[in-house]
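Index from 1, following the sequence.
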Amino acid sequence: MDTGPLPTIVSTKLDFQLLLPGSRDVAVPAVLDYSADEPYSIRATFHTGEADVSWVFARELLVEGMGGPAGCGDISVWPGRHQGQDVVFLSLSSD
């Protein structure tokens, strides 16, 4: 039985750094996924050790945030420098 072509999925593993007060950083492994079935979004799944936590946000938000501050509300993205390196900050908040 032919079910048609499989959806295109692109995934990459990253280590995010959770910035804490007192100049402490904690590595948080994550996976970013793009699926052709949802072409306008990116799924970020963070592996906290306790549970996996996923956030879905607009692909355009990530693109805009790499060039300047973008987003409002629960998700914000902006470029910057941390420990002498160019980085992209991602702020997530929820109730």
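Both W55 and L18 belong to a common hydrophobic cluster when Ile, Leu, Val, Met, Phe, Trp and Tyr are linked at side-chain heavy-atom distances under 4.5 angstrom. In the hydrophobic cluster analysis, where Ile, Leu, Val, Met, Phe, Trp and Tyr join through side-chain heavy atoms closer than 4.5 angstrom, M66 is grouped together with L61. Follow the hydrophobic side-chain contacts under 4.5 Å out from L92 and you reach V88 in the same cluster. L14 and V87 fall into different hydrophobic clusters, where Ile, Leu, Val, Met, Phe, Trp and Tyr side chains are chained together by heavy-atom contacts under 4.5 Å. No chain of hydrophobic side-chain contacts below 4.5 Å, direct or via other Ile, Leu, Val, Met, Phe, Trp or Tyr residues, connects L19 to I75.
Between atom CD of residue Q17 and atom CZ of residue F89 there is a gap of 11.0 Å, rounded to the nearest 0.5 Å. Atom-to-atom distance recorded for H82:NE2 and D25:CG is 3.5 Å, nearest 0.5 angstrom. To the nearest 0.5 Å, the span separating CG on L62 from OG on S41 amounts to 11.5 Å. Here CZ of R59 is found 5.0 Å from OH of Y34. Values are rounded to the nearest 0.5 Å.
Using cut-offs of 30° and 60° on the angle between ring planes, the pair F46 and F16 is perpendicular.
Counting only N and O atoms by type, the side chains of S11 and D33 include a donor and acceptor under 3.5 Å apart.
Residues G73 and S93 come closest through the heavy atom pair O-OG, 3.9 Å. Taking all atoms of both residues into account, the shortest heavy-atom contact from G65 to P79 is O-CD, 2.9 Å. Counting all heavy atoms, side chain and backbone alike, A44 lies closest to L32 at CB-CD2, 3.4 Å. Shown here for V28 and H47, the closest heavy-atom pair between the two residues is CG1-O, 4.0 Å.
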